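A quick note: this is a predicted structure, and the numbers were derived from the prediction, not measured. Scope of the values below: all heavy atoms of this structure, side chains included, with no hydrogens, waters or symmetry mates. Counting convention: from 1, in listed order, for ligands and their atoms alike.
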Amino acid sequence: MEPDTQTRAVGVIGWPVEHSLSPAMHNAALREMGLNWVYLAFAVEPELVGEAVRGVRGLRLVGLNVTIPHKSAVIDHLDEIDDTAAALEAVNTIVLQPDGLLVGHNTDAPGFIRSVQEAGHDVSGMRVAVIGAGGASRSIAYACATSGASAISIINRTPLRAERVAEMVREAADFDALDAGPLDGEFAQEAVTRADLVVDCTSVGMYPHHDVEPVISPQWLRPGQVVVDLTYNPIDTAILKAARAVGADTVDGAGMLVHQGAISLQHWSGQEPPVETMRAALLEQLGAR
Ligand code: ATR
């Protein structure tokens, strides 16, 4: 539908933001849901993030998604944030409520859990190996700790960063079955081999560096495991190929991206978003690159 005087805007703020896949994914969903909204990408300089957030109320936007580097900075400008956003100190979704309050949510963590559920698996009771120690790793480790995982190992090239993620999750999720260690050597081999769920949160294999070796030895993987790579460009990565080759089940990086977006859209609309339409729009956009 063409924008008219009733059209409301929603969008994503980031810096830079021009490569965001969210507009394609959300606009496809909005069309199918019949909502007279338009989803835009707003390039917001870090110094102006407060003004951008205040603009949500001023312009009566539906809300915003928030991406790098603003996920923590927006918090000071919101009226409330949910427990996950508080634990991770990261908001990726802002909702302008009917009462005028600006509320921040984190849908990355629940989006990850839903992507694993969609593939037919339950994180509850699983031993998890999280590889990487950036923002994505924090979200995934926290999501698993609060979804009933039995044990979590954080593995990273720089072990000190892995220890920091473990410390954050221990405190925020009150979860003790956690250890951390380096990527090379026995710690990583044991943690990955033992794991029911292996999640690659590193940037290894991300465009334009596709075709590289997986971040871990393929020999550590085994049948019956679930292996997730958060990298979605390319969609089929070296670790996913290696996992399939040994008979493990795989979940690609589009899963979390689609579900974090779907949960945002659910917060804004109160309706169940068309997940398959969002995934198709995302894959089409990726194919076009
Ligand atoms: P994000 O916030 O998006 O999760 P990030 O903070 O850029 O990402 O983290 C990237 C992750 O990929 C880090 O865990 C990084 O390891 P270091 O902490 O040691 O830097 C990991 N990573 C990047 N390139 C890597 C490589 N070639 N081998 C192993 N790990 C790598």
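Remark: atom 3 (O) of ligand 1 lies closer than 4.0 Å to no protein heavy atom. Counting protein heavy atoms under 4.0 angstrom from atom 7 (O) of ligand 1 gives zero.
The residues Asp236 and Arg244 are annotated as salt-bridged, a charged nitrogen and a carboxylate oxygen being separated by less than 4.0 angstrom. Between Arg57 and Asp79 a salt bridge is recorded (basic side-chain N to carboxylate O distance below 4.0 Å). Salt bridge absent: Arg279 and Glu284 never bring a charged side-chain N and a carboxylate O closer than 4.0 Å. Of the charged side-chain nitrogens involved, at least one lies within less than 4.0 Å of a carboxylate oxygen, so that Glu167 and Arg170 count as a salt-bridged pair. Using a cutoff of 4.0 Å between basic side-chain nitrogens and carboxylate oxygens, Asp108 and Lys71 are scored as salt-bridged.
Among Asn156, Ile68, Ile155, the residue whose heavy atom lies closest to atom 14 (O) of ligand 1 is Asn156. The option with the heavy atom closest to atom 25 (C) of ligand 1, from among His209, Met206, Arg157, is Arg157. Among Ser139, Gly205, Ser203, Ser137, the residue whose heavy atom lies nearest to atom 10 (C) of ligand 1 is Ser203.
Close N/O approach between Arg161 and ligand 1 is found [any backbone or side-chain N/O within under 3.5 Å]. On a distance-only criterion, Ala136 and ligand 1 share at least one N/O pair closer than 3.5 Å. Polar contact with ligand 1: absent for Gly132 (N/O pair, distance under 3.5 Å).
Atom 19 (O) of ligand 1 has as its closest protein heavy atom Thr158 OG1, 2.5 Å. Summary of contacts: the protein heavy atom closest to atom 1 (P) of ligand 1 is Gly135 N, 3.6 Å.
Near Thr202, with a cut-off below 4.0 Å to any heavy atom, the atoms of ligand 1 are 11 (C), 12 (O), 21 (C). The ligand atoms of ligand 1 that sit less than 4.0 angstrom from a heavy atom of Ala133 are 14 (O). Distances below 4.0 Å separate heavy atoms of Leu183 from the following atoms of ligand 1: 29 (C). Near Gly134, the atoms of ligand 1 lying under 4.0 angstrom from a non-hydrogen atom of the residue are 2 (O), 4 (O), 6 (O), 9 (O).
Ring centers of Trp268 and His26: under 6.0 Å apart, within the cut-off.
At distances below 3.5 Å, at least one donor-acceptor pair connects side-chain atoms of Asn106 with backbone N or O atoms of Ala90.
By the side-chain hydrogen bond (donor to acceptor under 3.5 Å, both in side chains) test, Tyr39 pairs with Asn65, sequence neighbours left out.
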Q: Show your working on side chain to side chain contact (heavy atoms under 4.5 Å, CB included) between Trp37 and Thr7 and close with a plain yes or no.
A: CA-CA 5 Å; Trp37 298 354; Thr7 305; 5.7 Å; no
